[in-house]
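Written below as structure tokens is the structure these notes are about.
Being a predicted model, the structure only gives us computed values, none of them experimental. In the text below, chain A, chain B and the rest are named by the order of the sequence lines, each starting its count at 1.
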Protein chains: 2
Amino acid sequence: MTEPVTFRDVKAAILLRITRGDWAPGTLLPGEVEIAQEFGCARATVNRAMGELVGDGIVERRRKAGTRVRLSPLRAARFEIPLVRREIEVHGGAYGYLLVSRAVGPAPDGLGTRALHLVCLHLSDGAPFQHEDRWISLDALPGAETVDFSARGPNEWLVETVPYSEAEISFSATLADDVLAAALHCAPGAALFRTDRTTWWEGRALTRVALVFRPGHRMTTRY
Amino acid sequence: MTEPVTFRDVKAAILLRITRGDWAPGTLLPGEVEIAQEFGCARATVNRAMGELVGDGIVERRRKAGTRVRLSPLRAARFEIPLVRREIEVHGGAYGYLLVSRAVGPAPDGLGTRALHLVCLHLSDGAPFQHEDRWISLDALPGAETVDFSARGPNEWLVETVPYSEAEISFSATLADDVLAAALHCAPGAALFRTDRTTWWEGRALTRVALVFRPGHRMTTRY
DNA sequence: CAGTGGTCTAGACCACCGG
DNA sequence: CGGTGGTCTAGACCACTGT
């Protein structure tokens with residue numbers, strides 16, 4: 001018996017030809033049957049390898065047209081969005097939490113009629129790490145009104161309560177106003193990294209949060 | 001003939017049970033054979049559906065142990081990193097480019113010995129959109145020294161020359177100093193969104209770039 | 001219309017790892 | 001050890017879409 005050819009073998013071989021320049025951007029690749037013959041494997045194996053190359057943004061495929069090397073490779077970066085507690089603990093810090101304010105009132109746009117407004121602070125080794133300004137829709141999550149958020153952050157409660165939801169997230173830069181500067185122990189006018197996230201479940205907006213990090217924070221990934 | 005059950009059907013059905021709470025976080029799911037029987041399909045179909053759920057961070061699988069709903073769902077966001085030109089044109093702007101300065105000198109850390117230092121500006125409808133400060137290793141890419149970057153940005157040349165490379169990217173916030181403020185037509189002290197990227201090919205660092213966007217820039221995605 | 005990729009099936013073998 | 005998922009195969013049908 002000869003070793004079976006795995007889809008990883010095929011993927012690596014194809015990728016090598018592309019990165020080496022044998023198959024330049026725009027090139028039309030041979031069909032699946034032909035490649036399968038060349039490698040001595042089943043067409044399904046080639047199909048899986050190609051599927052991954054599509055996912056990696058290396059090639060494009062269209063029925064009848066065939067498979068082409070993308071003209072310019074699709075650059076996509078994947079960021080994991082950890083819970084603050086985990087993020088701090090992974091970096092070796094001791095996690096701390098502080099509820100700054102809590103109020104119930106009319107909801108801001110898109111969150112229904114009534115909402116809970118929470119402001120909290122997440123600490124690493126006692127020093128401010130992240131400032132959280134959150135609205136929770138009481139129309140969608142009435143239970144939130146009676147939860148005690150003085151010892152544990154709302155994000156942890158939300159993850160338990162509605163673990164699988166849709167979200168939109170955006171990154172931006174913001175200036176430290178007096179409130180943020182006081183909370184994060186930095187100078188007013190500092191540049192801060194900011195994350196905004198809105199979360200839906202079954203089409204209803206549940207919560208909207210603005211997270212502002214202490215100065216110097218970075219989000220990093222490889223691709 | 002009855003309709004064939006697709007892997008999408010299976011994935012959607014499983015996902016529904018999880019989001020509905022029938023299968024709470026931590027639950028052990030039935031084995032592939034059992035699910036295949038329930039849905040009246042081949043095991044391979046279930047396997048593919050489960051594979052996607054793993055990729056989406058919904059479940060975890062281990063041989064012998066079986067498939068479990070993740071305790072806390074893995075939150076990951078995927079951002080596409082477009083060429084500036086495309087990013088501007090997609091938003092309906094007319095792309096413009098300006099080479100601000102060009103110099104050859106000793107390379108900064110990690111880029112070898114000699115490097116090309118370029119500063120450029122990318123414009124949308126004539127207004128500054130992004131400031132680019134780039135180093136290109138002349139050890140790794142000697143050809144860059146003779147390229148004319150006065151009419152076209154170095155990113156476009158790089159994409160053609162080394163289309164498939166490894167990169168590390170990070171996002172942060174930065175303050176507008178006098179140079180940035182002048183380039184981006186904003187007030188000194190404004191908060192600006194910044195991207196840093198280092199690119200390797202076959203283990204050698206090729207280029208390092210800092211991209212600073214005009215005030216108010218956001219990076220957004222859904223997940 | 002015809003050629004390409006997309007998917008399903010039924011069966012098989014195997015690697016891994018929990019009990 | 002034995003049960004689970006991981007993968008390969010050979011074959012088939014079909015959807016899409018360029019020519």
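The nearest whole Å value for the distance from the CG atom in B/Asn47 to the C1' atom in C/dT7 is 14 Å. A straight line from CD1 of A/Ile35 to P of C/dT4 spans 12 Å, rounded to a whole angstrom. Rounded to whole Å, atom P of C/dA10 lies 18 Å from atom CZ of B/Arg48. Rounded to whole Å, atom P of D/dC16 lies 19 Å from atom CD of A/Glu60. As a whole-Å value, the separation of B/Arg61 CZ from C/dG18 P is 15 Å. As rounded to whole Å, 16 Å separates atom P of D/dG6 from atom CZ of B/Phe7. In this structure, the CZ atom of B/Arg8 is 14 Å from the P atom of D/dA15, given to the nearest Å. The separation between B/Arg62 atom CZ and D/dG5 atom C1' is 12 Å, rounded to whole Å.
Under the 4.5 Å side-chain criterion, counting only non-hydrogen atoms from C-beta, B/Glu38 is not in contact with B/Glu34.
Set against D/dT7, C/dC16, C/dT9, the side chain of B/Ala44 has C/dT9 as its closest nucleotide. The listed nucleotides are D/dT9, C/dC8, D/dG5; the one nearest the side chain of A/Ala42 is D/dT9. Minimum atom distance to the side chain of A/Ala65 is reached by D/dG18, of the listed D/dG18, C/dT7, C/dA10.
Heavy-atom distances to DNA chain C give each of A/Lys64 and A/Arg43 a nearest nucleotide, and the one nearer the 5′ end belongs to A/Lys64.
Once rounded to the nearest 0.5 Å, the distance linking CD of B/Glu52 with CD1 of B/Ile14 reads 12.5 Å.
A/Thr67 has a side-chain polar atom (N or O) that falls below the 4.0 Å cut-off from OP1 or OP2 of C/dG5. Checking the phosphate oxygens (OP1, OP2) of C/dT7, no side-chain nitrogen or oxygen of B/Thr45 falls inside 4.0 Å.
Residues A/Phe193 and B/Phe171 keep their aromatic ring centres 6.0 Å or farther apart. Aromatic pair A/His217/A/Phe129: centroids less than 6.0 angstrom apart.
The one candidate from A/Thr67, A/Asn47, A/Val46 that meets the side-chain contact (heavy atoms from CB on, under 4.5 Å) condition with A/Ile35 is A/Val46.
A/Val5 comes within 4.0 angstrom of the backbone, heavy atoms only, and of no base.
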